[in-house]
Amino acid sequence: MKTNLVPEQLRRLEISGRVEIINGHGGLPLVKIRTPWSTAEIYLLGAHATGFQKNGEPPLIFMSARSYFAPGKPIRGGVPVCFPWFGPREGGPGHGLVRILAWDLAETAASPDGRVTVRLRLPKESLAPEWPALRTEFILTVADTLTMELIATNESSDKTQVLENCLHTYFQVGDIGALSLAGLQNAPFDDFAFGANGARRNGDPAPLRITQETNRVYPDNAATMEIRDEKLKRTIRVEKFNSQSTVVWNPWTTQKMPEDWGQTEHRQMVCVESGNVKQNKISLAPGKTSALKVVLHSQNF
Ligand code: TA6
């Protein structure tokens, strides 16, 4: 008897030619999506998108070759969903709980033009008791762009919940030395590289180039970012909604990294992360909803 069958309650959400559900790395349930423009994939563990690629283009999303794929462990690369906190926390996993929890696949849909939407829901009370009655969903819409939405509703009757959210996207690049990042010129940022402990710095007038360990949180910033890759000859546009924080990160060779990271992988990636973190954290009143949305576009040149 094959033991690695996909459970029936998942199989029934498959859509012929559009949505297939398989056991991915580590035997973890993986939703594979195909559209007329692109392919994508997302693990139920952490609602973690691990791939998006437009037909005829290199992958847009970076994945570490050394990533774990195991319950309770974070996937390295892709789009970590950071929630209900961002960054380190005494006694808790980095970047919150939801990235190491199993989400339910709530719905799949394909529109007549071929666009695919996949909705994942965090099992009820997964974040209790500290964050009770927080209905949390992640929606992935795949077409010639990739749209990701993290939606949290405070269903508590009387408790305001203080939250951070962030879609921590790892982008695949030709070489880190061939990049320039536009959209944050002159924007002040908090510097967390080389132990700078969040020192506030003035922004650079020119588009950002990554030439060393870079770990910057740009507060009060809703700007669209553009990643220009002179090696892959493409521009990636990171458009965001309901996000006041942008984080730019590359560990270079100096940030101490865990064993799920390859020594030279910093050359092929940059993180441009969109959310509401640190001074932009959210106070979600009873009955209110936060809806963080990121749309990824790419264009060859
Ligand atoms: O967003 C930048 C950052 O906070 C870095 O400090 C680095 O730790 C990165 O996130 C990766 O975090 P992770 O928990 O995925 O190892």
Side-chain angles (χ1 to χ4, degrees), residues 25 42-43 45-50 61-101 138 148 150 163-173 176 179 181 183-184 187 189-201 208 210 212-219 221 225 227 238 240 243-281 292 294 296:
H25 293 299
I42 183 167
Y43 278 86
L45 173 63
H48 201 123
T50 51
I61 301 281
F62 169 88
M63 275 299 298
S64 169
R66 301 169 63 106
S67 176
Y68 300 118
F69 288 92
K73 279 190 169 282
I75 292 172
R76 170 69 65 188
V79 185
V81 178
C82 306
F83 188 73
W85 70 83
F86 177 84
R89 191 174 198 251
E90 191 59 40
H95 291 324
L97 293 166
V98 305
R99 66 191 290 212
I100 56 174
L101 294 176
F138 185 79
M148 298 179 282
L150 176 62
L163 310 161
E164 293 175 297
N165 60 13
C166 189
L167 298 179
H168 189 302
T169 311
Y170 288 68
F171 291 97
Q172 178 81 38
V173 301
I176 192 68
L179 285 197
L181 285 81
L184 296 168
F189 62 92
D190 298 333
D191 190 352
F192 290 88
F194 301 110
N197 296 322
R200 177 59 57 97
R201 306 220 193 277
L208 177 60
I210 310 285
Q212 60 182 12
E213 180 184 331
T214 303
N215 193 343
R216 302 181 169 194
V217 177
Y218 291 81
N221 199 308
M225 286 281 294
I227 305 168
V238 184
K240 61 177 194 170
S243 160
Q244 286 304 310
S245 315
T246 294
V247 183
V248 177
W249 175 63
N250 182 291
W252 206 252
T253 55
T254 47
Q255 182 171 336
K256 186 166 173 11
M257 291 295 286
E259 60 188 19
D260 62 346
W261 185 257
Q263 272 194 324
T264 61
E265 289 190 316
H266 67 285
R267 303 292 316 177
Q268 263 65 53
M269 57 69 69
V270 67
C271 279
V272 174
E273 309 160 29
S274 310
N276 298 281
V277 305
K278 299 187 184 292
Q279 70 179 60
N280 293 125
K281 62 179 57 169
L292 168 63
V294 171
L296 305 181

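Numbers for residues simply follow the sequence, beginning at 1. Side chains are part of it too, since the values below use all heavy atoms of this structure and drop only hydrogens, waters and symmetry mates. One-based numbering, in listed order, for ligands and for the atoms of each.
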When you look for heavy atoms under 4.0 Å from ligand 1, do you find them on the side chain of Tyr170, its backbone, both, or neither? side chain
Can you pull out the closest protein heavy atom to atom 1 (O) of ligand 1? Residue, atom name and distance to 0.1 Å, please. Glu273 OE1, 2.8 Å
Val294 and its side chain to side chain contact (heavy atoms under 4.5 Å, CB included) partner, picked from Leu167, Val79, Leu150: Leu167
Can you tell me if Phe192 has a non-hydrogen atom under 4.0 Å from ligand 1? no
Which heavy atom of the protein is the closest neighbour of atom 6 (O) of ligand 1, given with residue, atom name and distance? Asn215 ND2, 2.9 Å
Rounding to 0.5 Å, atoms CE (Met269) and CZ (Arg76) come to a distance of 8.5 Å
Taking atom types as modelled, find out whether Gln268 and Tyr170 have a side-chain donor-acceptor pair closer than 3.5 angstrom. no
Should you measure from each heavy atom of Val247, which atoms of ligand 1 turn up under 4.0 Å away? 1 (O)
When you compare ligand 1 with Trp249, is there at least one nitrogen or oxygen pair between them that comes in under 3.5 angstrom? no
Closest approach of any protein heavy atom to atom 12 (O) of ligand 1, naming residue and atom: His95 NE2, 3.2 Å
Close side-chain approach of Leu296 and Ile61, heavy atoms under 4.5 Å: yes
Between Val217, Asn215, Val270, which is the residue that forms a side chain to side chain contact (heavy atoms under 4.5 Å, CB included) with Trp249? Asn215
Going by the 4.0 angstrom heavy-atom rule, the piece of Arg99 near ligand 1 is side chain
What's the spacing between Thr253 OG1 and Gln255 CD if we round to 0.5 Å? 11.0 Å
Phe86 heavy atoms, cut-off 4.0 Å: which ligand 1 atoms fall inside? 1 (O)
Between Arg66 and Asp260 (salt bridge meaning N to carboxylate O under 4.0 Å), is one present in this structure? no
Heavy-atom contact check, 4.0 Å cutoff: does Gln255 meet ligand 1? yes
